[in-house]
Amino acid sequence: MEESDSGSREPIPAWHWLQLSFFTMVGPNGNESSATYFILIGLPGLEEAQFWLAFPLCSLYLIAVLGNLTIIYIVRTEHSLHEPMYIFLCMLSGLDVLISTSSMPKMMAIFWFNSTTIQFDACLLQMFAIHSLSGMESTVLLAMAFDRYVAICHPLRHATVLTLPRVTKIGMAAVVRGVALMAPLPVFIKRLPFCRSNILSHSYCLHQDVMKLACADIHVNIIYGLIVIISAIGLDSLLISLSYLLILKTVLGLTREAQAKAFGTCVSHVCAVFIFYVPFIGLSMVHRFGKQHDSLLPVILANTYLLVPPVLNPIVYGVKTKEIRQRILRLFHVTTHTLDP
């Protein structure tokens, strides 16, 4: 019997690793128990290439942090940019830094040092941070669409509608909304018993990924996830679309020169909207309707969702927004002359 058991185990790679993972989830009597830690795979099927892939990913992360901090610094130091459009851009940049930082350091540790273990509470915290920050960013994008709507459709009322105190309250509301939407998440995760495995298929903790490991009914988690997506992402994207339909209706009645100027102020925000929502919606669709064996596609979408918007947003705003572009060039011009002997 022992020979047959050992013979059946030989073809299974990393059997002792899986066995250890199983017994951390199930008690000695086979009873269900809560997970103490999870194991993050990284990039399924690309384990051997992960070490080298980490270098371009780390470079993109540094570009994202540097680019967004530069935007924040420029807006904060230039008093002429203390307007609603740029203050919302500062909020967006800050959220991009936080979102990428909530996942990238651990991802780099997985790729470079094979540090695949993450404690349950740390996983829960990372999950809460990623989802709540995403909700905040969606709210800020909606606020930026409202700012463009008022500026183009009701220009005379823009200064009175979007005052600095009101913009501050909108930013606070974005934070409260993001936290409130995700407040039930720890409760819904901690109530689940895990008895199958503790191996996650992503490079970081996601609600969709963690709940699939539970050996109990997860319909409450599924319904909760749908409610959050519809009330946050769905509602925000609908209102943003409505704002731009009203903007388009107004712009079409202007002269060509005015049309070009109006569209120019909206291009950066439209790009930011597509950069944020397309990967998010794609990831949600793949998790709900994708096939289980297609494990690499959702991981790529998940990494794209967290890394691409923070990288591209400062580039798009730096290229398309004249005021930001001029001050970035001035900043680096001054820095270069300062460093010259």
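Computed over heavy atoms, backbone and side chain alike; hydrogens, waters and symmetry mates excluded.
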Between [X] and [Y], is there a shared hydrophobic cluster once you connect ILVMFWY residues whose side-chain heavy atoms come closer than 4.5 Å?
{"X": "Trp112", "Y": "Met104", "result": "yes"}
{"X": "Ile240", "Y": "Val267", "result": "no"}
{"X": "Val65", "Y": "Ile315", "result": "yes"}
{"X": "Leu235", "Y": "Ile230", "result": "no"}
{"X": "Ile247", "Y": "Leu245", "result": "no"}

Between the side chain of [X] and the main-chain N/O of [Y], is any donor-acceptor distance below 3.5 Å?
{"X": "Glu323", "Y": "Leu81", "value": "no"}
{"X": "Thr321", "Y": "Gly318", "value": "no"}
{"X": "Arg157", "Y": "Val150", "value": "no"}
{"X": "Asn68", "Y": "Pro310", "value": "yes"}
{"X": "His82", "Y": "Arg76", "value": "yes"}
{"X": "Gln126", "Y": "Ser102", "value": "yes"}
{"X": "Ser237", "Y": "Gly234", "value": "yes"}

Hey, what do you get for [atom1] ([X]) to [atom2] ([Y]), rounding to the nearest 0.5 Å?
{"X": "Gln50", "Y": "Leu57", "atom1": "CD", "atom2": "CG", "result": "10.0 Å"}
{"X": "Ile39", "Y": "Ile118", "atom1": "CD1", "atom2": "CD1", "result": "11.5 Å"}
{"X": "Leu213", "Y": "Leu192", "atom1": "CG", "atom2": "CG", "result": "10.0 Å"}
{"X": "Phe51", "Y": "Asn114", "atom1": "CZ", "atom2": "CG", "result": "11.5 Å"}
{"X": "Phe188", "Y": "Ile223", "atom1": "CZ", "atom2": "CD1", "result": "9.5 Å"}
{"X": "Lys169", "Y": "Leu164", "atom1": "NZ", "atom2": "CG", "result": "11.5 Å"}

Which atom of [X] lies closest to which atom of [Y], heavy atoms considered:
{"X": "Met136", "Y": "Ala174", "result": "CG-O, 3.3 Å"}
{"X": "Pro186", "Y": "Ala183", "result": "CD-O, 3.2 Å"}
{"X": "Glu48", "Y": "Trp52", "result": "O-CD1, 4.5 Å"}
{"X": "Gly42", "Y": "Ile110", "result": "CA-CG2, 4.3 Å"}
{"X": "His131", "Y": "His207", "result": "NE2-N, 3.3 Å"}
{"X": "Ser231", "Y": "Leu181", "result": "OG-CD2, 3.8 Å"}

Practice problem: Return the set of residues passing side-chain hydrogen bond (donor to acceptor under 3.5 Å, both in side chains) with His79 (not counting sequence neighbours), or none when no residue passes. | Solution: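 Residues passing side-chain hydrogen bond (donor to acceptor under 3.5 Å, both in side chains) with His79: none at all.
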Please list every donor-acceptor pair under 3.5 Å in which a side-chain atom of residues 138-145 meets a protein atom from a residue at least two apart or in another chain.
from	atom 1	to	atom 2	distance (Å)
Ser138	OG	Asp236	OD2	2.6
Ser138	OG	Tyr277	OH	2.7
Thr139	OG1	Gly135	O	3.0
Thr139	OG1	Arg177	NH1	2.8

For residues [X] and [Y], determine if any side-chain heavy atom of one lies less than 4.5 Å from a side-chain heavy atom of the other.
{"X": "Ile152", "Y": "Leu246", "answer": "no"}
{"X": "Asn221", "Y": "Ile189", "answer": "yes"}
{"X": "Val167", "Y": "Met91", "answer": "yes"}
{"X": "Ile71", "Y": "Asn313", "answer": "no"}
{"X": "Met107", "Y": "Leu306", "answer": "no"}
{"X": "Met127", "Y": "Met182", "answer": "no"}
{"X": "Asn198", "Y": "Thr36", "answer": "no"}
{"X": "Pro314", "Y": "Thr70", "answer": "no"}

| request: Give the intermediate values and the outcome of side-chain hydrogen bond (donor to acceptor under 3.5 Å, both in side chains) for residues Ser93 and Tyr317. | output: CA-CA 10 Å; Ser93 296; Tyr317 275 94; over 6 Å; no
Run Glu137 and Leu98 through side-chain contact (heavy atoms from CB on, under 4.5 Å) and show every step you take. CA-CA 11 Å; Glu137 182 155 343; Leu98 292 175; over 6 Å; no
- Just checking, is any N or O donor in the side chain of Asp147 or His158 under 3.5 Å from an acceptor N or O on the other one?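 A donor-acceptor contact under 3.5 Å links the two side chains.
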Review point. What's the verdict on side-chain contact (heavy atoms from CB on, under 4.5 Å) for Asp209 and Tyr204, showing C-alpha distance, side-chain angles and the deciding distance?
Key: CA-CA 9 Å; Asp209 202 20; Tyr204 55 88; over 6 Å; no
*Partner of His269 by ring-ring contact (aromatic ring centres under 6.0 Å, His included), out of Phe88, Tyr86, Phe263, Tyr244*: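 By the ring-ring contact (aromatic ring centres under 6.0 Å, His included) criterion, His269 pairs with just one of Phe88, Tyr86, Phe263, Tyr244: Tyr244.
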Would Val161 and His154 satisfy side-chain contact (heavy atoms from CB on, under 4.5 Å), going step by step from the backbone distance to the final call? CA-CA 10 Å; Val161 171; His154 305 282; over 6 Å; no
Using side-chain contact (heavy atoms from CB on, under 4.5 Å), reason through Leu124 and Cys205 one step at a time and then give a plain yes or no.
CA-CA 7 Å; Leu124 198 62; Cys205 293; over 6 Å; no
Could you work out, with salt bridge (charged side-chain N to carboxylate O under 4.0 Å, His left out) as the rule, every residue matching Glu78, not counting sequence neighbours?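 Result, salt bridge (charged side-chain N to carboxylate O under 4.0 Å, His left out) vs Glu78: Arg327, Arg330.
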| task | For a side-chain contact (heavy atoms from CB on, under 4.5 Å) with Leu307, tell me which candidate from Leu60, Ile63, Ile99, Leu312 qualifies. | result |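 Exactly one candidate clears the test, Leu60.
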Classify the ring geometry between Phe38 and Phe120 as parallel (under 30°), tilted (30 to 60°) or perpendicular (over 60°).
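The arrangement is tilted - the two ring planes meet at 30° to 60°.
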For the CZ atom on Phe274, are there more than 12 heavy atoms of other groups (residues, nucleotides or ligands in this structure) within a distance under 6.0 Å?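 No, the 6.0 Å shell around CZ holds no more than 12 heavy atoms from other groups.
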